[in-house]
Protein chains: 2
Amino acid sequence: MGKAKTETGVENDRQSVRALERGLEVLRSFKPGDRFLGNQEIAARTGLPKPTISRLTHTLTRLGYLSYSEKFGKYHLDSAVLALGYSYLVNMDVRRVARPLMQELAEYAQASVALGVQDRLNMLYIEAYRSSATVTLTLDVGSQIPIATTSMGRALLCALPEAESNSILEQVQLRNEADWPRIKTGIEQARKDFDERGFCLSLGDWKRDVHAVAAPLVPSDGSRVLVFSCVGAAFQLRRHMLEDDIGPRLLNLITNVKETLDRQHS
Amino acid sequence: MGKAKTETGVENDRQSVRALERGLEVLRSFKPGDRFLGNQEIAARTGLPKPTISRLTHTLTRLGYLSYSEKFGKYHLDSAVLALGYSYLVNMDVRRVARPLMQELAEYAQASVALGVQDRLNMLYIEAYRSSATVTLTLDVGSQIPIATTSMGRALLCALPEAESNSILEQVQLRNEADWPRIKTGIEQARKDFDERGFCLSLGDWKRDVHAVAAPLVPSDGSRVLVFSCVGAAFQLRRHMLEDDIGPRLLNLITNVKETLDRQHS
DNA sequence: TGCTGTTGTTTCGTTCTGCGGAACTAATGT
DNA sequence: ACATTAGTTCCGCAGAACGAAACAACAGCA
């Protein structure tokens, strides 16, 4: 019924509010790592014309999502965005349930245990624990890691309906034509692991010295897939340990969490 | 120069994008604590008409800021908001600098040490540490506490230019006509403490059994005021300890952090 | 001191987006 | 069958958002 306004593949819904989309795109253009952005840079990243950016940044600043630094003449994210993020976190009751079990496993494995969900083409940590003696990379709540090369991302792909995982993979391919063959191989291997054992591995595919195992939790209530992972230094978490010991324990953890959740919600 | 369009006190800037404002208001209407909201409830909270809400929720859902639960027929916040919040946090380098000192003080005082900034009429934690043996209330990064009755909020008021703190207090008064006299007394006392000693107290004014001391850090580069606080059980953190020992140590911590920051930025 | 490049803001006429009352649909209850 | 309540769709209208172009502010440089 709706006549496609433009022939872009991305339908611009009659039902979508463009100004809101654009404003959020402005916020999104602040990737973790770049402190300050000027209107110019934002315009470059978003492809929006200058006056539009000017209006959007004004609005966002007035509302406390951005603030303006006189010194640099640029904007940076402000507290209001954090307030939103937190409102999201406190309502994820899977965190409360999983926390002690994750902590326990982290200590047992002397590694990090994390819980993540999909966000666009990344996995986003919503909970993380390090063993008391872990020196590994510091990944905390809010951290993002790629989907295709991490165990967490691969476990997600295995748990998602085929249509969705394919759609993700297409986009990944577009963005990584060069590495695609290697990426694809890794994912096929992960599928095999998943079918045989119920979890996926990544042995140095993301960062050379990092080994990890991950498995999904598909909530009974139809909400979004959750993924648990255990991550550590390659020399510490050897393949056989992940496959024979940590992996199974991770599955066990997931079963427990899932049962607890199901029991709680009638 | 700008000609006021309407005579509302809140000027509706020629420079502001209404649709964006409204969309963000929809997100904001999810306070920490309410998991699911239907269009109806959102409409009630924001005062916007139904079709408008419908369009905004659609848009926000498409972008990953909300997601829709078939089961409940309602929306809840989704991962995209957390991704934003994290991008904000990682860029606050005051956190990196302050973290070890906060931890140290927390252990010394056997209490919690927090770092917060203003967000609307709340203080928002951007870093928090508990001593290993603390049983106190669980306040974590992202938590929000009121301005007028907490030591952290009062310290903010003392550090802000008078115009700003007055503007905040006006709004607080409007929202709490009943308690206003008591609130006002507390703040006046805090001002006196601040002038004499450099820090503010709250001895049970926010929660009966909670004592706290706080002091501001006003960055040299003109960015927003930061507040450090030390919080604990009333029976443990007695007034004299806060005034004679913890308070001064907190000021010392702040001096150190500030010097480190100033040294780093040219 | 003027010149040139860069960045952000204002202007202003146009257009299309966002609007919201009203009608419609769907689900739930009695 | 008949209210009741929640959400979506319609559709004509108004004005909000738009963006090209002009303008302003600033820095570097000769």
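Each chain gets a letter, A, B and so on, in the order the sequences are listed, and its residues count up from 1. Keep in mind that the numbers below use all heavy atoms, side chains included, and drop hydrogens, waters and symmetry copies.
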Working to the nearest 0.5 Å, report the span between [atom1] of [X] and [atom2] of [Y].
X	Y	atom1	atom2	result
A:I187	A:L169	CD1	CG	4.5 Å
B:M152	B:W206	CE	CH2	10.0 Å
A:R96	A:T260	CZ	OG1	12.0 Å
A:L261	A:D221	CG	CG	8.5 Å

Between atom [atom1] in [X] and atom [atom2] in [N], what is the gap in whole Å?
X	N	atom1	atom2	result
B:I42	D:dT5	CD1	P	20 Å
A:L66	C:dG8	CG	P	13 Å
B:F72	C:dT28	CZ	C1'	17 Å
B:F36	D:dA6	CZ	P	18 Å
B:L56	D:dG7	CG	P	14 Å
B:I53	C:dG20	CD1	P	10 Å
B:H58	D:dT9	NE2	C1'	11 Å
B:E21	D:dA17	CD	C1'	13 Å

Legend entry - Nearest-neighbour nucleotide for the B:Q40 side chain, D:dA6, D:dT8, D:dA17 considered: D:dA6

Legend entry - Carboxylate-amine/guanidinium contact A:D78 B:R120, below 4.0 Å: no

Inset, instruction - Before accepting this row, confirm whether a basic side-chain N of the pair A:D34/A:R45 lies closer than 4.0 Å to the acidic partner's carboxylate O. - result: yes

Legend entry - Over 12 non-hydrogen atoms of neighbours within 6.0 angstrom of CD in A:E177: yes

Please write out each protein N/O paired with an N/O of nucleotides 19-23 of chain D under 3.5 Å, distance rounded to 0.1 Å.
residue, atom, partner, partner atom, Å
D:dG19, OP2, A:R22, NH1, 3.2
D:dG19, OP2, A:T52, OG1, 2.9
D:dG19, N7, A:R55, NH2, 2.8

Legend entry - 5'-most by nearest nucleotide on DNA chain D - B:K74 or B:L20: B:K74

Legend entry - Donor-acceptor side-chain pairing of A:E21 and A:S16 below 3.5 angstrom: yes

Legend entry - Modelled atom types, side-chain donor and acceptor of A:S67 and A:H76, under 3.5 Å: yes

Inset, instruction - Would you mind reading off the bend of the helix from C:dT1-D:dA30 to C:dT30-D:dA1 from its two end axes, five pairs each, to 10 degrees? - result: 40°

Inset, instruction - Using only side-chain N and O atoms of A:S54, determine if any of them is under 4.0 Å from OP1 or OP2 of C:dT9. - result: yes

